[in-house]
Amino acid sequence: MHSAVLLIEFGSILLALGLLGRFAGRFRLSPIPLYLLAGLAFGEGGLLPLGASEEFVATGAEIGVILLLLMLGLEYSAGDLVTNLKSHYPAGLVDGALNALPGAAAALLLGWGPVAAVVLAGVTWISSSGVIAKVLGDLGRVGNRETPVILSVLVLEDLAMAVYLPIVTALVAGAGLMAGSLTLAIALGAAGLVLFVAVRYGRVISRFVSSDDPEKLLLVVLGLTILVAGVAQQLQVSAAVGAFLVGIALSGEVAEGAHTLLSPLRDLFAAVFFVFFGLHTDPASIPPVLLPALALALVTAATKIATGYWAARRAGISVKGRWRAGGALVARGEFSIVIAGLAVTAGIEPSLGPLATAYVLILVVVGPLTARYTEPLARHFTDRRSAHRRPAEPVEATEVSVGD
């Protein structure tokens with residue numbers, strides 16, 4: 001009887017997610033806010049609380065995080081990461097300073113303490129690579145001159161995750177200074193070792209994993225990823241970092257083939273992850289944090305625009321391209337929820353989960369709009385300012401007769 005209820009509940013969730021995804025696709029929207037809303041509906045305090053399938057959904061959500069980071073790693077080769085780090089690290093530093101500090105400051109102003117401040121800093125810092133990539137494709141900007149600047153900022157954020165996630169994992173677990181330092185040292189050492197091995201022996205690793213049979217390739221890559229993620233989690237480094245490093249280590253045809261095979265699985269389990277996050281957020285807890293979330297969204301939308309503008313200006317992009325780069329970076333999404341999920345699972349500050357949910361819901365909707373309209377609005381206001389500053393035309397003198 002229990003298994004029947006589990007199948008019914010889980011099947012209903014997947015069906016609902018599929019219909020929501022189709023609805024979002026019809027209007028060219030990101031499905032992330034709809035998945036979060038579905039989680040709110042199925043969670044405690046929602047319309048249809050789950051019972052039997054919640055533990056199963058939790059396992060699926062964990063796999064979803066692992067696949068998200070694996071697919072992220074597959075996007076880049078170790079050489080690409082090293083090149084971006086050398087060439088664009090100033091943009092990464094500006095990005096972190098402008099966008100992480102508002103989140104940390106907000107947590108401290110709300111009285112949530114230093115651990116919550118570090119978590120909320122990550123929530124406001126990391127842009128949504130998935131949403132941004134889709135928006136750039138929809139707007140036909142993939143070949144624009146500012147697009148490499150946008151991608152370089154995203155790559156640096158993704159690389160920073162390999163350092164940031166172990167820190168957050170240690171903090172939310174309540175590890176002391178020594179344990180936290182050891183965790184970070186292990187994570188940095190593992191990341192450095194993987195980058196070195198991937199640069200020097202990437203072809204050997206890919207040849208070992210490679211297979212002409214899609215089924216065998218899928219099983220080997222997925223099995224290796226989950227195994228490494230489990231070992232990383234056992235070492236208190238973070239399963240997500242382990243998956244990310246596996247993705248970096250694979251390159252060439254293996255990475256392309258694995259990306260194609262794993263994309264549907266990633267989308268499935270990522271959707272389950274968003275539902276799981278929503279399950280742990282009581283809808284009644286969102287209204288009290290809605291104003292802080294809105295204020296934080298406005299501030300960090302402006303700081304992301306400033307980040308993109310500065311990075312594009314440094315790269316010699318025209319003014320129009322600078323505004324387009326800034327507007328494209330505004331969207332937050334999957335990784336903001338991943339970071340907040342660590343704190344929610346550990347029981348850090350009850351209001352953090354609802355605030356992160358509201359924050360992501362706002363910016364995942366606003367992000368595509370800022371990508372489309374930031375540059376036209378900036379041009380409009382610039383033209384109006386120029387018109388006001390333009391000197392008035394001299395008025396020709398007219399002759400007036402004495403008899404008038």
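The structure displayed is predicted, hence computed values, not measured ones.
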inquiry  = Would Leu156 and Asp95 count as a side-chain contact (heavy atoms from CB on, under 4.5 Å) here? Give the steps.
reply    = CA-CA 9 Å; Leu156 289 168; Asp95 180 33; over 6 Å; no
side-chain contact (heavy atoms from CB on, under 4.5 Å) evaluation trace for Tyr309 with Val319 = CA-CA 8 Å; Tyr309 188 98; Val319 173; 4.3 Å; yes
request  = In sequence, state the C-alpha distance, the side-chain angles, and the governing distance for Met161 and Phe244, and then conclude on side-chain contact (heavy atoms from CB on, under 4.5 Å).
outcome  = CA-CA 9 Å; Met161 290 274 284; Phe244 180 61; 5.8 Å; no
query = Given the rule in the side-chain contact (heavy atoms from CB on, under 4.5 Å) test, do Leu222 and Leu265 qualify, once you have shown the distances and angles that lead to the verdict?
reply = CA-CA 10 Å; Leu222 189 58; Leu265 279 177; 4.3 Å; yes
task = Would you check, one step at a time, whether the test side-chain hydrogen bond (donor to acceptor under 3.5 Å, both in side chains) holds for Thr300 with Asn99?
result = CA-CA 6 Å; Thr300 54; Asn99 297 287; 5.9 Å; no
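Taking both residues in full, the closest heavy atoms of Ile362 and Ala297 are given as CG2-CB, 3.8 Å, listed atom of the first, atom of the second, then distance. When all heavy atoms are compared, the tightest approach of Ala340 to Leu352 is CB-CD2, 4.2 Å. Ala311 and Val153 get closest at one heavy-atom pair: CB-CG2, 4.3 Å. For the pair Leu261 and Pro214, the tightest heavy-atom approach, listed with the atom from each and the gap, is CD1-O, 3.4 Å. Of all the heavy atoms in Ile317 and Arg322, the pair that sits closest is O-NE, 2.8 Å. Residues Ile32 and Glu334 approach most closely at CD1-OE1, 3.7 Å, considering heavy atoms.
Environment of CG in Asp213: crowded, with over 12 heavy atoms of neighbouring residues, nucleotides or ligands closer than 6.0 Å. The number of heavy atoms from other shown groups lying within 6.0 Å of CD (Glu349) is above 12.
Using a 4.5 Å heavy-atom cutoff, the side chains of Val365 and Pro33 are in contact. Contact check for Leu70 versus Leu67: side-chain heavy atoms found under the 4.5 Å cut-off. By the 4.5 Å heavy-atom criterion applied to side chains, Leu342 and Leu165 are counted as neighbours. Residues Trp112 and Leu120 have side chains in contact (heavy-atom distance under 4.5 Å, counting atoms from C-beta outward). Between Ile126 and Arg332 the shortest side-chain heavy-atom distance does not fall below 4.5 Å. By the 4.5 Å heavy-atom criterion applied to side chains, Leu17 and Leu268 are not counted as neighbours. Using a 4.5 Å heavy-atom cutoff, the side chains of Leu40 and Ile286 are in contact. Side-chain contact between Ile63 and Val272: absent, with no pair of heavy atoms (C-beta onward) separated by less than 4.5 Å.
Of the possible polar contacts, none joining the Thr374 side chain to the Ala371 backbone as a donor-acceptor pair under 3.5 Å is found. In this structure a side-chain-to-backbone donor-acceptor pair under 3.5 Å is missing from Glu146 to Ala312. In this structure, the side chain of Ser152 engages the main chain of Val149 through a donor-acceptor pair within 3.5 Å. With hydrogens and angles ignored, the 3.5 Å screen pairs no side-chain donor or acceptor of Tyr359 with any backbone N or O of Leu296. Side-chain atoms of Arg141 do not come within 3.5 Å of backbone N or O of Thr147 as any donor-acceptor pair. Between the side chain of Ser127 and the backbone N or O of Leu329, at least one donor-acceptor pair lies under 3.5 Å. No donor-acceptor distance shorter than 3.5 angstrom exists from the side chain of Lys304 to the backbone of Val299, with no hydrogens or angles considered.
A parallel orientation is assigned to the rings of Tyr35 and Phe274, their planes being inclined by less than 30° (bins at 30° and 60°).
Annotation: the span from Thr303 atom OG1 to Trp310 atom CH2 amounts to 14.5 Å, rounded to 0.5 Å. Note: Asn144 CG to Lys320 NZ = 12.0 Å, rounded to the nearest 0.5 Å. Atom CD of Glu157 sits about 10.0 Å away from atom OG of Ser128, to the nearest 0.5 Å. Rounding to the nearest 0.5 Å gives a distance of 6.0 Å between CZ of Phe381 and CG of Leu377. Distance CG/Leu74 to CG/Leu69: 11.0 Å, rounded to 0.5 Å.
Residues Phe269 and Phe273 keep their aromatic ring centres 6.0 Å or farther apart.
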